[in-house]
Amino acid sequence: MAIEAADTAWVLISSALVLLMLPGLALFYGGMVRRKNVLSSMMHSFVAMGIIAVEWVIIGYSLAFGTGNWFIGGLEHVFLRGVDLYSVSGTIPTYAFIAFQGMFAVITPALISGAVVGRIKFKSYIAFITLWSLIVYAPVCHWVWGGGFLTGEALDFAGGTVVHITSGISALTILIFLGRRKGYGTDSIRPHNITLTLLGTGLLWFGWFGFNAGSALAADEIAALAFMTTFVAPAAAGLAWMAIEWFRTGKPTALGFATGILAGLVGITPAAGFVTPMAAIIIGAAAGSICYGAVVLKGKLGYDDSLDVFGVHGVGGITGALLTGVFASVGGTGLLLGNSHQLLIQFEGVAITILYAIACTIIIGFVIDKTMGVKIDENAENIGLDRTQHGEAAYNI
Amino acid sequence: MAIEAADTAWVLISSALVLLMLPGLALFYGGMVRRKNVLSSMMHSFVAMGIIAVEWVIIGYSLAFGTGNWFIGGLEHVFLRGVDLYSVSGTIPTYAFIAFQGMFAVITPALISGAVVGRIKFKSYIAFITLWSLIVYAPVCHWVWGGGFLTGEALDFAGGTVVHITSGISALTILIFLGRRKGYGTDSIRPHNITLTLLGTGLLWFGWFGFNAGSALAADEIAALAFMTTFVAPAAAGLAWMAIEWFRTGKPTALGFATGILAGLVGITPAAGFVTPMAAIIIGAAAGSICYGAVVLKGKLGYDDSLDVFGVHGVGGITGALLTGVFASVGGTGLLLGNSHQLLIQFEGVAITILYAIACTIIIGFVIDKTMGVKIDENAENIGLDRTQHGEAAYNI
Amino acid sequence: MAIEAADTAWVLISSALVLLMLPGLALFYGGMVRRKNVLSSMMHSFVAMGIIAVEWVIIGYSLAFGTGNWFIGGLEHVFLRGVDLYSVSGTIPTYAFIAFQGMFAVITPALISGAVVGRIKFKSYIAFITLWSLIVYAPVCHWVWGGGFLTGEALDFAGGTVVHITSGISALTILIFLGRRKGYGTDSIRPHNITLTLLGTGLLWFGWFGFNAGSALAADEIAALAFMTTFVAPAAAGLAWMAIEWFRTGKPTALGFATGILAGLVGITPAAGFVTPMAAIIIGAAAGSICYGAVVLKGKLGYDDSLDVFGVHGVGGITGALLTGVFASVGGTGLLLGNSHQLLIQFEGVAITILYAIACTIIIGFVIDKTMGVKIDENAENIGLDRTQHGEAAYNI
Amino acid sequence: MKYVIAIIRPERLEEVKHELQKVEVNRLTVSSASGYGEQKGHLEVYRSLELEVNLLEKLRLDIAVNDDFLQPTIEAIKRGAKTNTGCIGDGKIFVLPLEDVIRIRTGETGSDAI
Amino acid sequence: MKYVIAIIRPERLEEVKHELQKVEVNRLTVSSASGYGEQKGHLEVYRSLELEVNLLEKLRLDIAVNDDFLQPTIEAIKRGAKTNTGCIGDGKIFVLPLEDVIRIRTGETGSDAI
Amino acid sequence: MKYVIAIIRPERLEEVKHELQKVEVNRLTVSSASGYGEQKGHLEVYRSLELEVNLLEKLRLDIAVNDDFLQPTIEAIKRGAKTNTGCIGDGKIFVLPLEDVIRIRTGETGSDAI
Ligand SMILES: Nc1ncnc2c1ncn2[C@@H]1O[C@H](COP(=O)(O)OP(=O)(O)O)[C@@H](O)[C@H]1O
Ligand SMILES: Nc1ncnc2c1ncn2[C@@H]1O[C@H](COP(=O)(O)OP(=O)(O)O)[C@@H](O)[C@H]1O
Ligand SMILES: Nc1ncnc2c1ncn2[C@@H]1O[C@H](COP(=O)(O)OP(=O)(O)O)[C@@H](O)[C@H]1O
């Protein structure tokens, strides 16, 4: 079968957009940590580009998209065996498909890093994401998109479950081994440069058009729809967050608005190509509000998910996955069109993924903690990870 | 009619590029203000993404592109009624068209924010852009592109009139209600981080390829031409600005070069797909020089259009619109090809838009000033908008 | 012949991506210099966008891609004569081709600027790149891609020789006239903001997808392959650099990882569309390791190629060009497939380019040094180039 | 001679400079600092996490003066630095003895060099 | 009254503040500084170029105290600033005479104003 | 003992440090500051808007010395900080009395601890 040049162009540029989300994420997170941890935090995203990209072509792709069974793909594409220049996936070259999917594999573990900033050993982080990508990401990706037991059942347009729920839940779970940062809750822990975070937000939104609209895997009407929903949902989410914050604290913060946008991007991800723009506004507003609540709750409960990976990606992903089951009206039908079954399936997909992510993260965390240790010592935490883990200072005179 | 996948891909990626101009603008402006106002300034761009995006799909699109009359579109597409997955505009899905046009609607009021930094109330800013987008942007957009009385008459390839003249003129007008910043003209008001401004310039130029070349609404020869002119015009404009500045003050500044690039981008916008690359160089150089003059003049006249929205977007937009009437040679003919009538129409379009923008801005400004007040009090201005309007500090230790 | 819309869209967006590499480069370099030289360093990239863009359409394009002879193109396309809206190159409008190639012309001299930061006169820099682009870039581009004596012989997919070897070698050569920065090798010269460098790295990688995959000049299988190799090679290179650094100094630095990524991007450039992804991983790892070695060697030898243009672009480009002759297996065959002749040709291309670049750079440098002088005086160097050359300070309160 | 160190609110700098100029004190050195003091309860909210910020941005002025200028200098700073409400956080002035001053350019010393 | 200037490692700030609070010294001014001193040999590596960094990040505390608070203040700083290993670079305390203090808000002077 | 505060041009730091090392003054603390002084007329142009910048970047050195080191220290700073042209803005040196010094690491006090 021949490829479609237009679809190829679209998926390639979408892949590049998703790659740009990594520096975007690095800035988004990096701006929120203290000066002494900014390089460490950014390196979490960058090193994921190194490790997971290589791991993906060696084995990850095969595990996720190889034929395999209901649970996991086979090993037939290890080292990209069986793929060559003329292999085709749908209407695009398989290489384009592998690259596009590889970007998703890269960003997912990097998302987790927001929870662990300022106190995780760099080598343990590397070990963690390497294992996690194989043990959690590859199977869940296979379930939902690669021919596993949820494929064709659960609606997940661009990765609400595969990307955001897995990472958000695992972020919360890994805290078992990390606890809080020293000084948590005092003014000595404030975002060191919110302009970086805003720039990161901009790059993330930009890249997310590739993430969501690219997931149509063709330059067609569905891509246009997904583009449109990815435009309005984060807008609505940012406004919702801002409105609540303004009302509750008297000030609409820039950081809050940025977080709201992100919540909206997460929330619309599973629904992007399945719902109308108007439904997208509702989903966005819901994601913004609910994530706001989750983040407030965190503050009350006192666990230190430092940059709110759970509150935004976990909660936002769950919200989006369930609301997809409510609002789906394009290429699938949800509750509002009378298909309550879909909501059930969505719920099932979410629940299984949550349990699986928790279990695996505990095991991986436990193994790493026992072998190389997860948390750095207090003195190193005081001095900062940039200096102690990387031997650098981000800012010099 | 079926869509063209390649055109769809091109318009979608162009839309994403235009969205990226918002963070670009936020950085461009944010770098030029003082540390204490940087988040406030960036939020002006970000919040426009929130508000106008939602407003656009609810009503703005309908007012701009609904059938309506010579002055304004109808209400038939309110809440995107009548648009569905398979709606087509030209050769692309209507959703793609709406998204692309929505990006223009978002960026236009955000441009205005450069004039008002450091002293406008956040809530008044929100009220202003919400109203302005309906009252000024939607009608002018309808006139020029949506079937109104200038459609097919005035040449405005990508928004010299619709985007830059409206925003530049309104920026100047709103100063009636704002006056100067405290300390205007002393060294205590200097750009706090020019690297941000340069990065913003880079993102703006990058995004502008989507803005201009995307306005071809197809991946065709016109798009390639518009791309080419958007490449060389800002280059020439930056050089022109730099040359004059070097000659006059002895130093070629980075900020000046960046401003020149922007002036060139603005200047070529209405002409992008109508002129040859060589004409684009002339237009760019002209825009760079004339905007330089306008900015010098501002300094002499002493009004505080803080980041020169009028000097760059207003004057650059007018320059471009008129020169389009001079140099047009592709898909339209200008003065140089003997069609003096076109220049007249261009002039007419510019004049009407200016008058309309001034009148509406005065009314909107007046209403807001009387109800919620436009300017913050002096103490808050001293402390800075980040702290007083948003309760944040951009930079912490 | 008609154009292909999909190929046009792909080349246009790729051109925009390459343009974005300029701000990317400005940040990459700007972050590594001291605060007092950051604008100067960034301006080196920005002013190249101004000067070379204009020079390219006036004469550069004609010299590179005009018919001409084995050595250089003719003058038939000076001022883009003979090109109009409907001119076609391959399957895309000639304007798109000119824009895409123009981006390459712009970035190549800008790469050199990394070697000369902190001590070159701005006007001399301008003179240098203006001449260099005509005397070095245009001919070498003509040799390899424009119909010159290496066209169809040497394999250079996206500019390993044309872009990276020419710039890397010239960067080293120009140091003859510049010597070291004052204070070289002491702690007073440290990167002032590594977050900028990381962001720059991200933008460069993103843009490089346009650079490499766009060089297919079509949205086809080759583009997908080049995309894929541009994804994994830098990943492998970053990991290689990090591994060696970690082993040797005990700390994996963020700056090192970023440099490794860049080395991998350079290394894969000539090979991008000619090798499999697995070969790309090897090439990337090789480029990362060998460039690391080159940079260490520089430290030992004590010459002040400030930001390692030679170590990364020169050495990386040579590594890539030769390894292309080893691993080529798609659209060309290399040593591993028994074609030792190709390696020889690669070697020949590299050697001739090196000699040519050295000779011309010496001549250009000599002329500029004798006329306007290349290096600023010591006092100005102490104060910094931002203040003395541009009359600005990047950061103010 | 005295060495005066004043800690003020950043937003009062212009006023203080203005008042100092009035009493012909035209030379000073400014640096940024953070203050911990009585002034508390300034609340910042980061993603709904309320932090009681007690490290506050301040400016520090160093002014060397001849003895007869001391009192006017202090008064000028007070006038310029005091907010209308006379709030906690308005700042403090410290007076240290100063033994000698040297102007590098000319080599002058003592009260001439101030 | 004394004007105490202490140069400490940035990472010890929280401990020092904590110790100072224990002895009821609640007001201080912090600023960032770079120190050159004995403490050398801290090596940084930039792209394999080894730099011996002798300009080190420090914090500077300024604390004005009444005479009877001087000794407790010094002891508190010492307790808070000393690393377990008592390494070079732990810092220094300088004690300067202080002639007067003025609280801007109230106009109080002398030891009451501290 | 004396506490020397010197305000210099940022670009002279290396020279000053060099001169200080020659007279065996190896410890100092550097911080950044902005100076207002005689030195005016430095013009900056932002988008053609000319601003007379009177807030100038400076470095501030703090050096505690024993009495017999005072004169050499002052001379060294003067040598290092003076520009060829001896321009306005070369800076100033202030000498304050210093009552005590404590080295945190060892607890040493007085002139031994300097
Ligand atoms: N005793 C002191 N020593 C050092 N700095 C002080 C002292 N007292 C006040 N300051 C500085 O002055 C600033 C203003 O103090 P403030 O809280 O207004 O004091 P008060 O309540 O005594 O007026 C503080 O933030 C701190 O930086
Ligand atoms: N005599 C001095 N004058 C000014 N600052 C000093 C002096 N001695 C030490 N410091 C400051 O204190 C910091 C810590 O000094 P350190 O190297 O630990 O000294 P020591 O080896 O004497 O304990 C130095 O980095 C410097 O900033
Ligand atoms: N009396 C003073 N008090 C505080 N700082 C001063 C004083 N005089 C000078 N300075 C500082 O020294 C810097 C250099 O002063 P400069 O303008 O060269 O003085 P002069 O003209 O007296 O040589 C000033 O920018 C200021 O920071």
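Every chain is numbered from 1 and lettered A, B, ... according to where its sequence line falls, protein lines coming before strand lines.
- Per-residue counts of heavy-atom pairs under 4.5 Å with chain C were compared for A:Ala99, A:Ala394, A:Pro93, A:Ala96; the largest is that of A:Ala394.
- Checked by atom type and distance alone, the side chain of C:Asn193 never pairs as donor or acceptor with a backbone atom of A:Tyr395 at under 3.5 Å.
- Residue contact with chain A, scored on non-hydrogen atoms closer than 4.5 Å, involves the side chain of C:Trp246 exclusively.
- Chain C forms the most heavy-atom pairs under 4.5 Å with one residue out of A:Ala26, A:Ser15, A:Gly207, and that residue is A:Ser15.
- For chain A, the nearby parts of C:Leu225 are the backbone and the side chain; heavy atoms of each come within less than 4.5 Å.
- With a 4.5 angstrom heavy-atom cutoff, A:Leu199 touches chain C only via side-chain atoms.
- Although no hydrogens or angles enter the test, the distance criterion places no donor-acceptor pair under 3.5 Å between the side chain of A:Gln389 and the main chain of A:Ser40.
- A donor-acceptor pair under 3.5 Å is formed between the side chain of A:His192 and the backbone N or O of A:Val33.
- The contact between A:Val38 and chain C is made entirely by side chain atoms (from C-beta outward), counting heavy-atom distances below 4.5 Å.
- At a 4.5 Å heavy-atom cutoff, A:Ser87 makes no contact with chain C through either its backbone or its side chain.
- No donor-acceptor distance shorter than 3.5 angstrom exists from the side chain of C:Trp241 to the backbone of C:Ala236, with no hydrogens or angles considered.
- Chain A forms the most heavy-atom pairs under 4.5 Å with one residue out of C:Gly238, C:Ala223, C:Ala9, C:Pro277, and that residue is C:Pro277.
- A:Leu80 touches chain C through backbone and side chain together, each having a heavy atom under 4.5 Å away.
- In this structure, the portion of A:Leu27 lying under 4.5 Å from any heavy atom of chain C is its side chain and not its backbone.
- Formation of a donor-acceptor pair under 3.5 Å by the A:His390 side chain with backbone atoms of C:Ala254 is not found in this model.
- Proximity to chain C involves both the backbone and the side chain of A:Val47, based on heavy atoms less than 4.5 angstrom apart.
- Per-residue counts of heavy-atom pairs under 4.5 Å with chain A were compared for C:Ile13, C:Thr195, C:Val232; the largest is that of C:Thr195.
- The choice from C:Gly202, C:Gly31, C:Gly256, C:Gly250 that makes the most heavy-atom pairs within less than 4.5 Å of chain A is C:Gly202.
- Taking chain A as the reference chain and counting heavy-atom pairs below 4.5 Å, the highest number among C:Leu198, C:Ile261, C:Thr230 is found for C:Leu198.
- The distance from atom CG of A:Leu63 to atom CD of A:Glu76, rounded to the nearest 0.5 Å, is 9.5 Å.
- Both the backbone and the side chain of A:Ala16 come within less than 4.5 Å of a heavy atom of chain C.
- At a 4.5 Å heavy-atom cutoff, the contact between C:Leu17 and chain A is made by side-chain atoms alone.
- Chain C forms more heavy-atom pairs under 4.5 Å with one residue of A:Ser45, A:Gly30, A:Ala53, A:Ala219 than with any other, namely A:Ala53.
- Judged by distance alone, with hydrogens and angles left aside, the side-chain atoms of A:Arg34 form no donor-acceptor pair with the main-chain N or O of A:Gly118 at under 3.5 Å.
- Residue contact with chain C, scored on non-hydrogen atoms closer than 4.5 Å, involves the side chain of A:Leu203 exclusively.
- The backbone N or O of C:Ser329 sits nowhere less than 3.5 Å from a side-chain atom of C:Thr333 that would complete a donor-acceptor pair.
- C:Tyr184 places no side-chain N or O within donor-acceptor distance of the main-chain N or O of C:Ile189, the cut-off being under 3.5 Å.
- Of the residues listed (A:Phe100, A:Phe104, A:Trp205), the one engaging A:Phe211 in a ring-ring contact (aromatic ring centres under 6.0 Å, His included) is A:Phe104, and it is the only one.
- Between C:Ile281 atom CD1 and C:Phe231 atom CZ the span is 10.0 Å, to the nearest 0.5 Å.
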